[in-house]
Every structure is written in structure tokens, then in C-alpha cells.
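For reference, the structure is listed below as C-alpha cells.
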Amino acid sequence: MPVTRATWFGRMDMLQGQIVRLGAANARAIEVASTGRRVSRPSDAPAEYARLQRVQAAAADQETWLANGELADGLLATADQALDAVGDRLSRLRELTVQMSSETYTDEERAAAADEVRALREDVLGLANSDFGGRHVFGGTAYDAEPFASDGSYGGSTDEPSVKVGEGIEVTTGFDGSSVFQGDTDVFAVFDDIADAMEAGDADALAGSLDDIDAALDQVVNARARVGIEQGQVEDAASLASSLQVEMSRQA
């Protein structure tokens with residue numbers, strides 16, 4: 001049987017191959033140490049790289065959800081604060097109406113109270129046109145312009161915008177102002193009618209308007225409760241996205 005002897009050139013080829021492999025392994029070790037990543041390119045580990053890409057894509061989704069949630073939180077907080085302030089104005093309207101329905105007040109005093117009522121109405125109009133970053137929260141999907149005119153007429157949309165804040169989770173970020181302020185009870189009309197009754201010195205009409213004020217208050221309270229539900233969803237989604245983002249950064 002012939003004996004194969006390694007030639008000098010063959011041994012040199014083998015040695016050079018070992019040097020190349022050792023050099024590659026050393027470079028790889030330095031890269032892992034400096035980057036902290038075992039997988040930097042598909043050839044390092046095809047299956048692991050595919051998994052890494054999926055994790056990175058999911059992490060990017062969480063960043064999107066968090067950004068959307070931040071926008072939604074600002075819009076919803078604006079709506080909540082506005083409705084809270086509207087409730088305060090309606091409560092003050094009720095106080096004035098109860099007072100001025102008493103026969104102990106003069107026509108001059110009722111006329112002065114009417115001025116305050118009209119000022120309260122203007123406050124409510126401004127609150128109904130509240131915006132966050134130029135988006136009017138009570139204009140529905142037509143949020144680029146003020147939804148309510150000075151006469152209280154609604155020019156917004158009855159459709160409501162929403163944004164995705166998590167996988168399969170969408171929250172409403174704007175509301176149909178006509179349902180909030182002109183649903184079963186027209187909030188602006190309540191202020192106008194009471195101011196007119198005060199100026200006319202009509203104590204009976206004032207007493208009869210208390211039910212309208214209560215209905216307007218209920219309408220605003222219900223709208224605020226709905227905003228609160230959306231805020232809760234945003235908070236839950238943001239907490240989940242933050243937790244997932246941390247976990248995915250570990251996996252990556």
C-alpha cells in the first residue's frame with residue numbers, strides 16, 4: 001500500500017488554513033465582545049438571525065404603540081379636562097338659576113346674573129373647541145378646525161378618529177361634539193334660555209329650567225366617563241408595550 005507523505009507545500013497550505021480559521025475565530029470573538037451580540041449577520045446563525053429579526057420587528061411595533069399612546073393620552077387628557085370644566089360651569093349655572101328663581105331678587109339683579117350666564121356660555125363654547133396640538137378633540141374626524149360656531153352650531157364630523165396603541169387595541173382619540181354638547185339636551189341652548197329668562201325677570205321659567213340643567217350635566221358626565229374608559233385602555237396598553245419592549249431588548 002503506497003504511503004502518502006505530506007509535502008512541504010502541503011504542510012504550509014494546512015498551516016495557512018489553520019491561521020485563517022484562527023484569525024476568523026479571533027475576529028469573531030472580538031466582535032461579540034465589543035458589540036455584545038452573538039448574531040450580527042445571517043451567516044452567523046441563520047435560524048437565530050431570523051428569530052432576531054422577528055424580535056426586532058416586534059420591538060419596533062412596541063415603539064409605535066408607545067408613540068401612538070402618548071398622542072392618545074394628550075388628546076384624551078384635553079377632552080377630560082375640558083369636560084370637567086364644562087361641568088363646573090353647569091354647576092355654577094344651576095346655582096345662579098336656583099337663586100334667581102326666588103322672588104326675593106329684583107329684575108336688575110337677574111339682569112346682572114344673565115351677564116354672568118352669558119359669560120359662562122362663552123367659556124363652554126371655548127371648551128367645546130378645545131384642541132391638543134391643533135387637533136380639536138370634539139370635532140370628530142374633522143379635527144383641523146373649530147367644530148362649534150359662536151351660535152353653538154356644530155360643523156364637525158359625527159365620525160370619530162381612533163389610533164392603534166397595541167396589538168388589536170384601538171382607542172378613540174376624538175369625539176362627536178354634537179352628541180356631547182347637543183345630544184338629547186343642547187347645552188348651549190340651556191345657557192341661552194336661562195339668560196333670556198333672567199333678563200325677562202321670569203322666575204317661573206327659571207325654576208322650570210332646572211331639569212334641563214341636570215340633563216345637560218348628566219350628558220357631560222356620561223361623556224367624561226367614556227373618555228375615562230379610553231384613558232384606561234391607553235394606560236394599560238402603554239404598560240404592556242413598555243414591558244414587552246424591555247423583554248425584547250433582552251432577547252435581542
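These values consider heavy atoms only, across backbone and side chains, with no hydrogens, waters or symmetry-generated copies. Positions are given from 1 along the sequence.
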Would you check if [X] and [Y] make a side-chain contact, meaning some heavy-atom pair closer than 4.5 Å?
X: Leu71; Y: Arg135; answer: yes
X: Asn129; Y: Phe138; answer: no
X: Phe188; Y: Val124; answer: yes
X: Glu109; Y: Gln99; answer: no
X: Met198; Y: Ile194; answer: yes
X: Thr158; Y: Ser178; answer: yes
X: Asp176; Y: Asp159; answer: no
X: Leu206; Y: Arg110; answer: yes

Where do [X] and [Y] come nearest, in terms of heavy atoms and distance?
X: Ala85; Y: Leu127; value: CB-CD1, 3.5 Å
X: Val165; Y: Ala72; value: CG1-CB, 4.5 Å
X: Pro147; Y: Gly139; value: CB-CA, 3.7 Å
X: Ala203; Y: Ser101; value: CB-O, 3.5 Å

Query raised in the report: So which pairs with a foot in residues 205-217 pass salt bridge (charged side-chain N to carboxylate O under 4.0 Å, His left out), sequence neighbours left out?
Result: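 Every pair satisfying salt bridge (charged side-chain N to carboxylate O under 4.0 Å, His left out) with a residue in residues 205-217: Arg94-Asp214.
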Query - Pairs meeting criterion salt bridge (charged side-chain N to carboxylate O under 4.0 Å, His left out) with involvement of residues 179-198, two or more places apart - result: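 Every pair satisfying salt bridge (charged side-chain N to carboxylate O under 4.0 Å, His left out) with a residue in residues 179-198: Arg118-Asp196, Arg121-Asp192.
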Query raised in the report: Is the side chain of Gln81 donor-acceptor paired with the backbone N or O of Thr78 at a distance under 3.5 Å, no angle test?
Result: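 Pair absent, no side-chain N/O of Gln81 close to backbone of Thr78.
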Query raised in the report: Do Gln219 side-chain atoms and Val187 backbone N/O form a donor-acceptor pair below 3.5 Å?
Result: no
Query raised in the report: Would you say Glu70 has more than 12 foreign heavy atoms packed within less than 6.0 Å of its CD?
Result: no
Value rounded to 0.5 Å, distance of [atom1] in [X] from [atom2] in [Y]:
X: Asn68; Y: Glu170; atom1: CG; atom2: CD; answer: 9.5 Å
X: Ile229; Y: Leu76; atom1: CD1; atom2: CG; answer: 11.5 Å
X: Leu217; Y: Thr185; atom1: CG; atom2: OG1; answer: 10.0 Å
X: Leu120; Y: Asp88; atom1: CG; atom2: CG; answer: 10.5 Å

Requested in this report: Take Leu83 and Val180, measure what side-chain contact (heavy atoms from CB on, under 4.5 Å) needs, and give me the verdict at the end.
Outcome: CA-CA 9 Å; Leu83 292 172; Val180 176; 3.7 Å; yes
**Report entry** Modelled atom types, side-chain donor and acceptor of Thr141 and Ser157, under 3.5 Å
**Finding:**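 Yes, side-chain donor-acceptor contact under 3.5 Å.
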Query raised in the report: For residues Thr172 and Glu160, is any side-chain donor paired with an opposing acceptor at under 3.5 Å?
Result: no
Query raised in the report: Where do Gln231 and Val227 land on the side-chain contact (heavy atoms from CB on, under 4.5 Å) test, with the steps shown first?
Result: CA-CA 6 Å; Gln231 286 178 307; Val227 172; 4.1 Å; yes
Query - Qualifying ring pair (Phe, Tyr, Trp, His ring centres under 6.0 Å) pairs with a residue from residues 86-108, counting only residues at least two apart or across chains - result: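 Sorted result for residues 86-108: empty, none.
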Report task. Describe, in one word, how the ring planes of Tyr154 and Phe148 are oriented to each other, choosing from parallel (under 30°), tilted (30 to 60°) and perpendicular (over 60°). Result ->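 Judged by the thresholds at 30° and 60°, the geometry between Tyr154 and Phe148 is tilted.
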Query - Derivation of the salt bridge (Lys or Arg N to Asp or Glu O under 4.0 Å) call for Asp80 and Arg224 - result: CA-CA 6 Å; Asp80 179 67; Arg224 193 179 180 198; 2.8 Å; yes
